[in-house]
There are 2 protein chains.
Amino acid sequence: MTIRLDEMDRKILAQLQRDASQSLDDIAREVGSSKTPVWNRIRKMREAGIVGQQTVILDAEALGFEACFFVLIRTSEHEAEWQNRFLHALRARPEVQEAHRLAGDIDYILKVRVKNARAYDAFYQALISEVKIHNVTALLSMEEIKSTTMLPL
Amino acid sequence: MTIRLDEMDRKILAQLQRDASQSLDDIAREVGSSKTPVWNRIRKMREAGIVGQQTVILDAEALGFEACFFVLIRTSEHEAEWQNRFLHALRARPEVQEAHRLAGDIDYILKVRVKNARAYDAFYQALISEVKIHNVTALLSMEEIKSTTMLPL
DNA sequence: GCTGAAAGATGGAGCCT
DNA sequence: AGGCTCCATCTTTCAGC
């Protein structure tokens, strides 16, 4: 399942991250190889799950998603069943763009993107009615300074 | 610059988000239209900047990026010049995947992805040597419950 | 604004070295 | 493993409705 990646694989991944719409020929030229080997390496990395979803980055503001919150959550419940319900609730809600379980004093952090503050409140009310949460702090983003999915290969 | 988007545009965007490698024919079939009109709409939305970068999502863990931190930053400095240096420092550092300026008590939040805790410390030391920061809290992610760039259109 | 056609480019597969 | 060639498919353009 785990593949050993060499320098060439990493160069190819960097190109795909940068612009996944490039043709195989373009990528091959950039990394100093040719079509077939590049194509085979990409196929292998896809099969191994290293290369996942191909997507486009949309302009959230232009589409009316003008509010972004980071939500810090503390809970008193730590049973498996509660956690399961909480996880499924998060995964089911499309406004939750990120959710992490944390080490330490704060238990979870969410990144929630919504149209406006009212939509955030609707999300918040829906969430706390589904699962019991001890303490919630919402941090409102004023400005997105940087946002990327690129890994520094 | 701002385009009015109709239901058809939104359906096309949803398809592109879901899988940007689909052929025009496939997208057209999914949204109930045909090739040329879909192509024209995508071109317009690209030109308007609504549709941005086309990329692939890579498996961070498989590539050795095993640590993810959310960093809460408080600063005492609020002058334009300090802010400028801070912003440029963040944009220049590839381990910073997200950076937001916040409303309220905490001034900034970062999402930082690195190979391990030691690499986080190197990042942290480099950052505070570049710009003066009053207070930093790092939240370590134990588990990525959800991560998506998809907007709920 | 849609349809259909057509030209050129590309992906994907096989084969040769 | 890398390179060459081929064909089916796809992208992109354009004339006509």
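FYI, side chains are in, hydrogens and waters are out, and symmetry mates aren't considered; it's all heavy atoms of this structure.
The distance from atom NZ of Lys35(A) to atom P of dC4(D) is 12 Å, rounded to the nearest whole Å. What separates CG of Asp25(B) from C1' of dT9(D) is a distance of 9 Å, to the nearest Å. Put simply, CD on Gln22(B) is 14 Å from C1' on dC10(D), counting in whole angstrom units. Summarising the geometry, the separation between CG on Asp26(A) and C1' on dT11(D) is reported as 14 Å, rounded to the nearest angstrom. We find that CD1 of Ile42(B) is positioned 13 Å from C1' of dC10(D), with the value rounded to whole Å. Distance Glu7(A) CD to dA1(D) P: 18 Å, rounded to the nearest Å.
Note that the CD atom of Glu61(A) and the CD atom of Glu66(A) stand 6.0 Å from one another [nearest 0.5 Å].
In summary, Lys11(A) and Glu30(A) do not engage in a salt bridge, as defined by a charged side-chain N under 4.0 Å from a carboxylate O.
Between His100(B) and Tyr108(B), the gap from one ring centroid to the other reaches at least 6.0 Å.
The shortest distance between the side-chain N/O atoms of Thr36(A) and the OP1/OP2 oxygens of dG3(D) is not below 4.0 Å.
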Check the pair Ser76(A), His134(A) against side-chain hydrogen bond (donor to acceptor under 3.5 Å, both in side chains), reporting the backbone distance first and the verdict last. CA-CA 6 Å; Ser76(A) 40; His134(A) 177 249; 5.5 Å; no
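Between the side chains of Asp25(B) and Ser23(B), no donor N or O sits under 3.5 Å from an acceptor N or O.
Under the side chain to side chain donor-acceptor pair (under 3.5 Å) rule, Glu98(A) has a single partner from Lys111(B), Lys146(B), Gln97(B), which is Lys111(B).
Nucleic acid contact class of Leu24(A) (heavy atoms, under 4.0 Å, all strands): sugar-phosphate only.
When DNA chain C is scanned in the 5' to 3' direction for atoms under 4.0 Å from non-hydrogen atoms of chain A, the outermost contacting nucleotides are dT10(C) to dG14(C).
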